[in-house]
J.: 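Below is one structure. I have some questions about it.
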2 protein chains.
Amino acid sequence: MSKILVVEDEPMVAEVVERYLRRDGHDVTIVFDGQSAVEQFARERADLVILDLMLPRLDGSAVCRKIRATSDVPIIMLTARGDERDRLQGLELGADDYVTKPFSPREVAARVRAVLRRTTPVEGRERMLEFDRIQIDGARRSVTIEGRPVALTVREFDILYHLASNPSHVFSRDHIVASLWGDDFVGDASTVTVHVRRLREKIEADPARPRHVRTVWGVGYCFEP
Amino acid sequence: MSKILVVEDEPMVAEVVERYLRRDGHDVTIVFDGQSAVEQFARERADLVILDLMLPRLDGSAVCRKIRATSDVPIIMLTARGDERDRLQGLELGADDYVTKPFSPREVAARVRAVLRRTTPVEGRERMLEFDRIQIDGARRSVTIEGRPVALTVREFDILYHLASNPSHVFSRDHIVASLWGDDFVGDASTVTVHVRRLREKIEADPARPRHVRTVWGVGYCFEP
DNA sequence: CGCTTTCTTACGGAAGGCTTACGAGATTGG
DNA sequence: CCAATCTCGTAAGCCTTCCGTAAGAAAGCG
């Protein structure tokens, strides 16, 4: 369903949380310290971040600030029990919710559901992605290339948006299918190929030699500004 | 948009809530105890009150009673977590909604939007939207196209106003239904289609090729000036 | 040069949107 | 207080658009 980044230095805790989130159909990535969290988030945007406040290398509040600098992604904080200061700090930093330790994994899963329900229907794909030649407006679902508007279908737009939200990052066909169609999609991943073809037809000057939506042979596709 | 009185003795919490409400365009006043709340409300009526139950000098329930004695202003209660008695007491006292601590500021902002939508069906949306060809008067609920007045029904106007208040932004049918009919509307979202049809019949030069109320295939509708 | 991966094309089906018509409820005017 | 009118929501049929699949061609890799 959604991509979730879990930042938690205690492996046991992380593992339990992961299991519960996967059971809800989410795509979970785990990192064990703050520095890795920031790097991972830069590499691949998550739909939601679960963030322990006490972390090695770079603590939770710093991570939160760094993430908030570039994204409105929902953040759920894990804080020590009843530490009022932690709580206030978390809220101030822009966390969307927080859970006090010790917590039950079920509670975390429930909060995740609640936060996602609150944040995904309205927000979500509404960021504006701007590059030299291409502008992609998530709210309008419109794309312009060198000022000229281009009409894309739903799938085409979703694929482009997904690729462009992480420029130069390579996404496999399977990953794209899972992200846009959902894990329960029965069909073939080759359908992505066709959509990419049609997408190139619309946005590339020379579709046979694509400049923006590149093929990485044996791996997948990536967007280059 | 609306004037909101926040009654919360914890300055940090109050500040965070304030920031989120201001972001939604509201005019926020903060007081830190119950006595001041009553005085402030008497001095200047608010459109909505956010009221902590635990307060110095005069507790939340007393404040609620005093306010209710003179006004039907919507009140959102902040109560301790899971304290069922607080909740019941709050509802009994005439609160319109309540949020349990610890809460996320986004949730509070969402509740505020929901309550305002519920309680101020006509007010609040009194902005004048002016474009080259179309003028939409939220206060008078009138529309003119190239100087000519056009008579719209309630639904038609609401849809047009909602779309036009965010030009070029795409709204899904479900979103429109939720915003105008309320979250608890049971009916079909396709009813929006019909209203849009009738709306176009009135405001578009060529309803078959709409210029202002555009269809974004697979997504929803958007207004273009 | 053979094998795998990707490209390209065409087509049938499915989904989404449009249009129309109708009955129930609300509103207005006599 | 009743009748005429208006508005709203639903349903059904039609039409357009888009999507997924399959199959052969081309391209990249070892």
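Letters go in sequence order (proteins before strands), and every chain restarts at 1. Being a predicted model, the structure only gives us computed values, none of them experimental.
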J.: Suppose we screen for salt bridge (Lys or Arg N to Asp or Glu O under 4.0 Å). Which residues come up paired with B:R197, at least two apart in sequence or across chains?
T.: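 Checked B:R197 against salt bridge (Lys or Arg N to Asp or Glu O under 4.0 Å); matches are B:E201.
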J.: First contact, last contact: which nucleotides of DNA chain D are these for chain A, 5' to 3', heavy-atom distance under 4.0 Å?
T.: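 So the outermost contacting nucleotides come out as D:dC18 to D:dC29.
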J.: Is A:V108 close to A:V16 at the side-chain level, that is, under 4.5 Å between some pair of heavy atoms?
T.: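 Heavy-atom side-chain distance check fails, nothing below 4.5 Å.
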J.: How would you list all residue pairs meeting side chain to side chain donor-acceptor pair (under 3.5 Å) that involve residues 29-39 of chain A, not counting sequence neighbours?
T.: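 Only A:D33-A:S36, A:D33-A:R57, A:Q35-A:E39 qualify under side chain to side chain donor-acceptor pair (under 3.5 Å).
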J.: Can you list, in residue-number order, the parts of residues 215-225 of chain B that come under 4.0 Å of DNA chain C, counting heavy atoms only?
T.: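 By residue number: B:T215, B:W217, B:G218, B:V219, B:Y221.
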J.: How would you list, by chain and number, every residue that makes a side chain to side chain contact (heavy atoms under 4.5 Å, CB included) with B:V219, sequence neighbours excluded?
T.: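 If we apply the side chain to side chain contact (heavy atoms under 4.5 Å, CB included) test to B:V219, skipping adjacent residues, the hits are A:R141, A:V154, B:V170, B:V216.
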J.: Side chains of residues 143-152 of chain B: which donor-acceptor pairs under 3.5 Å do they make with residues two or more places apart or in other chains?
T.:
from, atom 1, to, atom 2, distance (Å)
B:T144, OG1, B:Q135, NE2, 2.9
B:E146, OE2, B:R133, NE, 3.2

J.: Indicate every side-chain donor-acceptor pair of residues 189-196 of chain B with a distance under 3.5 Å to a residue at least two apart or in another chain.
T.:
from, atom 1, to, atom 2, distance (Å)
B:T193, OG1, B:R173, NE, 3.0
B:T193, OG1, B:S190, O, 3.2

J.: To the nearest 0.5 Å, what is the distance between CZ on A:R214 and CZ on A:R200?
T.: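 Result: 9.5 Å between the selected atoms.
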J.: Please identify each residue that fulfils salt bridge (Lys or Arg N to Asp or Glu O under 4.0 Å) with B:R211, with sequence neighbours left out.
T.: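 Here no residue qualifies.
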J.: Taking A:D47 for the side chain and A:K3 for the main chain, is one N or O donor matched with an acceptor at less than 3.5 Å?
T.: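 Checking the backbone N and O of A:K3 against the side chain of A:D47, a donor-acceptor pair under 3.5 Å is found.
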J.: Using C1' atoms of five pairs at each end, report the bend of the helix from C:dC1-D:dG30 to C:dG30-D:dC1 rounded to 10 degrees.
T.: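 It works out to 40° between the end axes.
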J.: Going by the rule ring-ring contact (aromatic ring centres under 6.0 Å, His included), which residues pair with B:F171 if we only count those two or more places apart in sequence or in a different chain?
T.: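 Once residues adjacent in sequence are excluded, the partners of B:F171 under the ring-ring contact (aromatic ring centres under 6.0 Å, His included) criterion are B:H162, B:H169, B:H175.
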J.: Please determine whether a side-chain nitrogen or oxygen atom of B:R173 lies at a distance below 4.0 Å from atom OP1 or OP2 of C:dG16.
T.: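 No, because none of the side-chain N or O atoms of B:R173 sits under 4.0 Å from OP1 or OP2 of C:dG16.
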J.: Around A:K66, counting heavy atoms of other residues, nucleotides and ligands shown, do more than 12 lie under 6.0 Å from its NZ?
T.: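 No - once you tally the heavy atoms of other residues, nucleotides and ligands closer than 6.0 Å, there are 12 at most.
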J.: Base, sugar-phosphate alone, or nothing: which one does A:V154 contact when heavy atoms must sit under 4.0 Å apart?
T.: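 The answer is sugar-phosphate, as A:V154 gets under 4.0 Å only of primed atoms, P, OP1 or OP2.
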J.: Rounded to the nearest 0.5 Å, how far does CG of A:L5 lie from NE2 of A:H26?
T.: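 If I round to the nearest 0.5 Å, the distance is 14.0 Å.
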J.: Heavy-atom contacts under 4.0 Å between residues 196-210 of chain B and DNA chain C, which residues?
T.: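 B:R197, B:R200 - these, ordered by number, are the residues of the stretch whose heavy atoms sit under 4.0 Å from the strand.
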J.: According to side chain to side chain contact (heavy atoms under 4.5 Å, CB included), who are the partners of A:D132, at least two apart in sequence or on a separate chain?
T.: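 Counting only residues at least two positions away or on another chain, A:D132 forms no side chain to side chain contact (heavy atoms under 4.5 Å, CB included).
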J.: Figure out the CZ/P separation between B:R214 and C:dG17, and round it to whole Å.
T.: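 Between P of C:dG17 and CZ of B:R214: 16 Å.
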J.: In terms of the nearest nucleotide of DNA chain D, which residue is placed more toward the 5' end: A:G187 or B:H195?
T.: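 Whichever sits nearer the 5' end wins; that is B:H195.
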J.: In whole Å, I'd like the distance from the CG atom of B:D188 to the P atom of C:dG17.
T.: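 Taking CG of B:D188 and P of C:dG17, I get 12 Å after rounding.
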